[in-house]
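This report refers to the structure that appears directly beneath it.
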Amino acid sequence: MPTLIHHAAEGDRVITECGAIAAYLAQGTALAPTPEESAAYYRWLFFATGPLEQAIVAQAMGWEVPPKR
């Protein structure tokens with residue numbers, strides 16, 4: 001599982017999950033979405049790290065759903 005540990009003066013911050021790490025690292029930078037872009041940004045960020053990633057991994061691993069399912 002991807003994990004980022006941000007050693008901050010207030011204490012360690014542990015962030016897991018690809019989408020959460022990407023969003024955390026983008027905060028306060030030019031990579032962060034503008035308020036006008038944020039809805040699409042979060043929609044695609046979580047879609048990409050949810051069902052899309054699952055589908056890509058399933059195909060790459062050769063997993064198939066049995067015909068009766």
Side-chain angles (χ1 to χ4, degrees):
M1 167 184 298
T3 303
L4 173 73
I5 301 173
H6 177 184
H7 302 290
E10 308 81 35
D12 290 351
R13 299 175 186 159
V14 178
I15 306 100
T16 60
E17 303 299 330
C18 294
I21 291 170
Y24 183 82
L25 292 175
Q27 286 179 346
T29 73
L31 298 173
T34 64
E36 297 80 20
E37 299 168 329
S38 65
Y41 170 81
Y42 287 113
R43 180 183 66 199
W44 288 111
L45 177 66
F46 291 103
F47 176 74
T49 61
L52 182 61
E53 183 178 346
Q54 183 180 13
I56 291 168
V57 169
Q59 184 176 12
M61 299 296 291
W63 298 333
E64 294 186 27
V65 177
K68 293 184 178 185
R69 301 231 33 206

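Scope of the values below: all heavy atoms of this structure, side chains included, with no hydrogens, waters or symmetry mates. Only a predicted model underlies this, so the values are computations on that prediction, with no experimental measurement involved.
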Can you list, pair by pair, the side-chain donor-acceptor contacts under 3.5 Å of residues 51-69, counting residues two or more places apart and other chains?
none

Mind listing the side-chain donor-acceptor pairs of residues 2-18 below 3.5 Å, one per line with the distance, residues two or more places apart or on another chain?
unit_1: Thr3; atom_1: OG1; unit_2: Met1; atom_2: O; d: 3.3
unit_1: His6; atom_1: ND1; unit_2: Tyr24; atom_2: OH; d: 2.5
unit_1: His7; atom_1: ND1; unit_2: Asp12; atom_2: OD1; d: 2.9
unit_1: His7; atom_1: ND1; unit_2: Asp12; atom_2: OD2; d: 3.4
unit_1: Glu10; atom_1: OE1; unit_2: Arg13; atom_2: NH2; d: 2.6
unit_1: Arg13; atom_1: NH1; unit_2: Tyr24; atom_2: OH; d: 3.3

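Sequence neighbours left out, the pairs with a member in residues 34-55 that pass ring pair (Phe, Tyr, Trp, His ring centres under 6.0 Å) are Trp44-Phe47. Listed by first and then second residue, the salt bridge (Lys or Arg N to Asp or Glu O under 4.0 Å) pairs involving residues 24-48 amount to none (not counting sequence neighbours).
Across all non-hydrogen atoms, the minimal contact from Leu45 to Gly19 is CD2-O, 3.6 Å.
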